[in-house]
Number of protein chains: 2
Amino acid sequence: MPSDTIRAALIQRLRVSSAIADEDVKEIEALPISVRQYPSERAVVRDGERASECCLIVDGFCARSKTIASGRRQILSLQIPGEIPDLMSLFLHVMDHDLTTLTPATLGFISHDNLRKLHRRSPRVAEMFWRDTLIDSAMFREWIVNVGQRPAPARLAHVMIELRERLRLIGRVDGDSFEMPLTQEQIGEALGITAVHANRVIKQVRQEGVVEFSRGRVTVLDEQKFQELADFDGRYLHQSPTL
Amino acid sequence: MPSDTIRAALIQRLRVSSAIADEDVKEIEALPISVRQYPSERAVVRDGERASECCLIVDGFCARSKTIASGRRQILSLQIPGEIPDLMSLFLHVMDHDLTTLTPATLGFISHDNLRKLHRRSPRVAEMFWRDTLIDSAMFREWIVNVGQRPAPARLAHVMIELRERLRLIGRVDGDSFEMPLTQEQIGEALGITAVHANRVIKQVRQEGVVEFSRGRVTVLDEQKFQELADFDGRYLHQSPTL
DNA sequence: GCCCGGTTCCAACAAAAGTTAAGGACGGAG
DNA sequence: CTCCGTCCTTAACTTTTGTTGGAACCGGGC
């Protein structure tokens, strides 16, 4: 795979949230990245591990999660191409959660050393990455609200819309449908409910003609109902450099 | 209030998670801070506002929260002296949540301009603050897990232990008891349950002889039961510079 | 002292979500 | 093509949590 394809989604995403100078783009394009293929459902980094590199998602979907003593698992975020989900490992050396592929994925690994050197050379790039981790943090805040306060059908719709708005930036929304490659079990883990209940909720929104979900794909049937149900306000994604 | 008292808790906290050089301490001690008194239950920054300064908690307790369209409120974190809960506003200019006092509080305000200048002058300090926002993020992740997966009594115990472990660092734990100045309504908002249910849960843990909670103070009755109930693993607090 | 507002506490009932169990659909391996 | 495992689907039942409404408590102000 050509080098610019590997970095394309990353640069595209950074541009959306930060104004970015051409020379900084060059710096990022010069970063050595080693690309590896991962099968579906494979751990990339595990809770408790010490990382020495960060993982850029070139293609495919990943999820971050934590598992508690009782064995229940909570999905913390869904991650899409162009993102570096474990950028935090640069300064938080021991992982406090898992990063796992949801689909077969192409992942690019960037060494901490090289990232740190880049930061020293270019404070602007460092700030851009910092901002990226802050947006990550904002998404966690909204996820807390989702799981803590919204009724289950709204939780589902909210996660779907968040994913859609992020996929839109990388040109991955196809009309009224987009990919969301999760099993109902995993949807339950994302929403803080059981798989059985996730199934009930999916059935309900389907019967109400709001969205269809099957084989890892969401199709919006009634955009207005969908938005109302989700109670979605995208400000927290901070998708504008001026804000 | 003397300047070193104002900064003491901040420096103390930074020392715990990052190794910090004496000259950096001097830089931080040279930061202009304007101190103001706030009454209890007063908004410090609101969702949607553009901030031009960050808020250091000198004394008192604060909480971060988001309110959804239905009016339900979710508390995202509790904040204690020495913390800068809105450090993220340096790069995420529009607030995506509220910061409110829980008690009468002494707050110190540091201008974004001065913080940015400090970052340019001392990348080490910048990294230290970055690390601080990353720990913040790690705490949100654990909060998601708490609200999403644990049974209500465990949620309560977990929030209590997290608060205690953080208070311990600033010398604010008194034997088997510590301050947690929340009403039952607010505890409900933190745990993602209603005030009525919060009351039921508090009653239950009290009857089981685990903890006592009244008038904003937690007293641990049975440390072992408390720990087991909370399912607490403090690694996510990253309270060690070497990790 | 006494009132007043905000808490705390509780009960009864309703709704949401968890548990268990089991049948059916679907896709890949042999 | 059939077998097998995973996922989806549903039902029946239990448990947890929300809702409503009201009583008791408590501290501060008059």
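Heavy atoms only: backbone and side chains are in, while hydrogens, waters and symmetry mates are out.
Look at Asp59(A) and Arg172(A) and you find a salt bridge, because one of the NZ, NE, NH1 or NH2 atoms lies within 4.0 Å of a carboxylate O, short of that distance. At a threshold of 4.0 Å, the pair Glu162(B)-Arg235(B) does not count as salt-bridged, since none of the basic side-chain nitrogens sits closer than that to a carboxylate oxygen. The pair Arg141(A)-Asp96(B) counts as a salt bridge, with a side-chain nitrogen and a carboxylate oxygen less than 4.0 angstrom apart. In summary, Glu179(B) and Arg166(B) do not engage in a salt bridge, as defined by a charged side-chain N under 4.0 Å from a carboxylate O. Ion pair Glu223(B)/Arg164(B) flagged as a salt bridge, since at least one NZ, NE, NH1 or NH2 atom sits closer than 4.0 Å to an Asp/Glu carboxylate oxygen.
Rounding to the nearest 0.5 Å gives a distance of 6.5 Å between CG of Leu99(A) and CD1 of Ile57(A). Put simply, OG1 on Thr194(B) and CD on Gln184(B) are 11.0 Å apart, with the number rounded to the nearest 0.5 Å. Rounding to the nearest 0.5 Å gives a distance of 12.0 Å between NE2 of His238(A) and CG of Asp132(A).
Identified under the salt bridge (Lys or Arg N to Asp or Glu O under 4.0 Å) test for residues 195-206 of chain B, with sequence neighbours left out: Arg206(B)-Glu212(B).
Computed from coordinates, the His197(B) NE2 to dC10(C) P distance equals 15 Å when rounded to whole Å. In this structure, Leu102(B) atom CG and dG6(C) atom C1' are separated by 16 Å, rounded to whole Å. Here the P atom of nucleotide dT15(D) and the CD atom of Gln204(B) are 14 Å apart, to the nearest Å. Atoms CZ (Phe213(B)) and C1' (dC9(C)) sit 14 Å apart, rounded to a whole Å. One interatomic measurement links the two molecules: CD of Glu212(A) to P of dC8(D), which rounds to 12 Å at whole-angstrom precision.
Helix bend of the helix from dG1(C)-dC30(D) to dG30(C)-dC1(D): the angle between its two end axes, each built from five pairs, comes to 30° after rounding to 10°.
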Table of protein N/O atoms under 3.5 Å from nucleotides 27-30 of chain C N/O atoms:
none

Enumerate all atom pairs, one protein N or O and one N or O from nucleotides 10-12 of chain D, separated by less than 3.5 Å.
none

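A donor-acceptor pair shorter than 3.5 Å cannot be found between the side chains of Glu142(B) and Gln74(A).
Here dA17(C) is the nucleotide among dG18(C), dT19(D), dA17(C) with the atom lying nearest to any side-chain atom of Arg155(A).
Listed by residue number, the members of residues 179-194 of chain B with any heavy atom below 4.0 angstrom from DNA chain C are Thr183(B), Gln184(B).
Shown here are the salt bridge (charged side-chain N to carboxylate O under 4.0 Å, His left out) partners of Arg64(B), two or more places apart in sequence or in another chain: Asp136(B).
Taking a 6.0 Å sphere around CZ of Arg46(A), one finds it holds 12 or fewer heavy atoms contributed by other residues, nucleotides or ligands. Crowding of Arg168(A) atom CZ: a count of heavy atoms from other residues, nucleotides or ligands under 6.0 Å exceeding 12.
The residue among Gly148(B) and Gly216(B) whose nearest nucleotide of DNA chain C is located toward the 5' end is Gly216(B).
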